[in-house]
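Following: one structure in structure tokens, then a few remarks.
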Amino acid sequence: MKCSNIVTQMQMLLLSTYFLFSPERRTANMAASGGRTVGSFLWKCGNCCFNFNTVSSNLTRQVLSRQLCVSAVLHRKNLAAAGPEKFSEEFIKKQVEEFNIGKRHLANMMGEDPETFTQGDINRSIAYLFPSGLFDKKAKPLMKHPDEVFPKQRAVQWGADGRPFHFLFYTGKQSYYSLMHDTFTKALAVEKHQDRLRGKDLFTQDAKQISLVGSRWLLKEELEELLVETISEHDYARFIQLMERLLSLPYCSVEEDFVQRYRRQLEIQSSKQQVQPLQYDQHGVAYSTGDGRRKTAMGTVLLRDSGSGSISINGTNYVHYFPVLQDREQLMFPLHFMEVLGRFDMQCSVSGGGHSSQAGALRLAISRAMLSFLSEGQVETMRQAGLLTPDPRIKERKKPGQEGARRKFTWKKR
Amino acid sequence: MAAGVLTKGLCGFRQPRIVAAGYSCSGPLYATATAVKTLPLQTDSTAVTDEIQNLPLETPDFFRLSELFSLKDLFDARVHLGHKKGCRHRLMEPYLFGSRLGQDIIDLDQTMAHLQSALNFTAHIAYRGGIILFVSRRRQFSHVVESTAGDCGEYAHTRYWQGGLLTNAPIQYGPGVRLPDLIVFLSTLNNVFQQHVGVRDAAKMNIPTVGVVDSNCNPSLVTYPVPGNDDTPAAMELYCRLFKMTINRAKDKRRQMELLQGLSPAGLIHGSS
């Protein structure tokens, strides 16, 4: 909001929903966000917009009380769609200039090179010059680029004569509805194409389809970001429904580019798996190690190739160490799953926990050790079977006022 | 609204005579503000602009819209077909020709007259650079209506109507928004067969409306009702085509007038229109 514009001031007075105080206080509030921007504090208050830090306590009290209201708004998600433009283009540009000049002043003050003064340096300098004993990060002084402080906002949607630019402006959600309109236009175009082919007898059911494997639809938040507008769950569901309808047409590959714009590639999880390279001992036998944890048990395994399937745990045979069948099954499962039961010799050591958690720890260790011997596809199969995922469950803590983690004390009626 | 017009009159600004009822200027808030600020004098340019604005008002059918449609076109597009007599609205009875086998037939002679005046009014609004909003809540014709609006450079709203769009506009859109100067309803009913909220809101905001009223609709709040069928695709496409051609004609005529003015600033050539 410009200080000098009469009409804007009149708007302020007439439409008191935005700012309920006089122009001087309004200008004082302009450098919003939770912290106090220090950009212009570094030189004197010749600038009417920034004379808030050291002015009368009366003013600061009002400013602080207003800032609380503003910060809640500014920390909302999807700030770009929050509402009409509160800060004009020129104001933001002026802020950017002031920030850059302030940055150079700060660098000179700290005795550093202004050209290579990064944001981290700024933060450290501000923390040094204005030590704050406050705990809340939002209450500490900050000096950031205005693009990070002021939210991204939409420009005014209509021209000088008052006519809006977009033909769906009066719906309120112009970008979303125009997207729906365009998608439907594309669907109609595909149907027309199909009819033309049918007319020429060239229509075939097995036309080239768009491959959707390995990609997902945009999430609602991503769509909101793309459209710079807030949309509801229902709107999002409708959009996905319309896209699915477009994809159901046999010749939808005509509009493949349009569809792919609203899909994101899924990351392949197995490519993140780190596989240790195989090691060879003095006899040329391949071996690998792996370790795993479960609850408080920790186990390590040394897997040797071209063995007979013998397993020793802490020096003793696995049959003697794990008398329970379930534990032995846990040990065997990775080998049985990949059908390499008699191939490896295992030397395991395990400590901590009980017999069940020790068996689980060893299972994870064996699976990890086996990775070096397997191909990419087999690694992916193991990952999908859950053999490579460490079990995150631990003993739940006891809470005060209760007997155990969940068990409450006996309830007595009287 | 009335206060704004009065202030303008007091300031000596010569308002062009407006034919229709309740013609709203841009935003009631600004009428007072700008009127107080400026006292415009009768310069050459304003005189010429006034001439351009008033010229269409001298002839009854300045835009020659009667040649755009004929009774046979309306009949072929099934405009005369109404709903069954059980759905008939009492206030639509004057517009009905009769009923055959329980289905109401709309009187196309009356429709011709109403359509002529509605199109003429739309053309005048478009000639003066007014904002025209096409509204329809029929899902099957939503795309057609939006395309029509896009093609003639006007606006459309065929989606869920949020309550305060017209009545709470400064809050919904931002301060300084300009409301539509004409709303064209291609179907006055919404999806639950009740009157569209826009009809009542436009009447509240003094915005004139043109509406295609079927035999189950209430024509009382619509400024220029056009009795006709709003269910058949052929009829809807006919209306959309007619409105598009009217608006394009009016805008072209305006551009032509302004070009003529540009060529001879001293006087306006009252040439062949």
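Predicted, not measured: the structure shown is a model, and the values here were computed from it. Chain naming here is simple, since letters A, B, ... match the order of the sequence lines and numbering starts at 1 in each.
For B:Ile131, the parts lying near chain A are the backbone and the side chain together; criterion is any non-hydrogen pair under 4.5 Å. If you measure heavy-atom distances from B:Ser142 to chain A, you find no contacts under 4.5 Å at all. Looking at A:Ser178, there are no atoms closer than 4.5 Å to chain B (heavy atoms on both sides), in backbone or side chain. B:Gln162 touches chain A through its side chain: at least one heavy atom from C-beta onward sits under 4.5 Å away, while N, CA, C and O do not.
Remark: the A:Thr204 side chain and the A:Tyr251 side chain contain an N/O donor-acceptor pair separated by less than 3.5 Å. Between the side chains of B:Asp151 and B:Thr148, no donor-acceptor pair of N or O atoms lies under 3.5 Å. Looking only at atom types and distance, the side chain of A:Gln157 has a donor-acceptor partner in the side chain of A:Gln174 under 3.5 Å away.
Ring-plane geometry between B:Phe121 and B:Tyr224 is classed as parallel, the angle between the planes falling under 30 degrees on a 0 to 90 degree scale with a further cut at 60.
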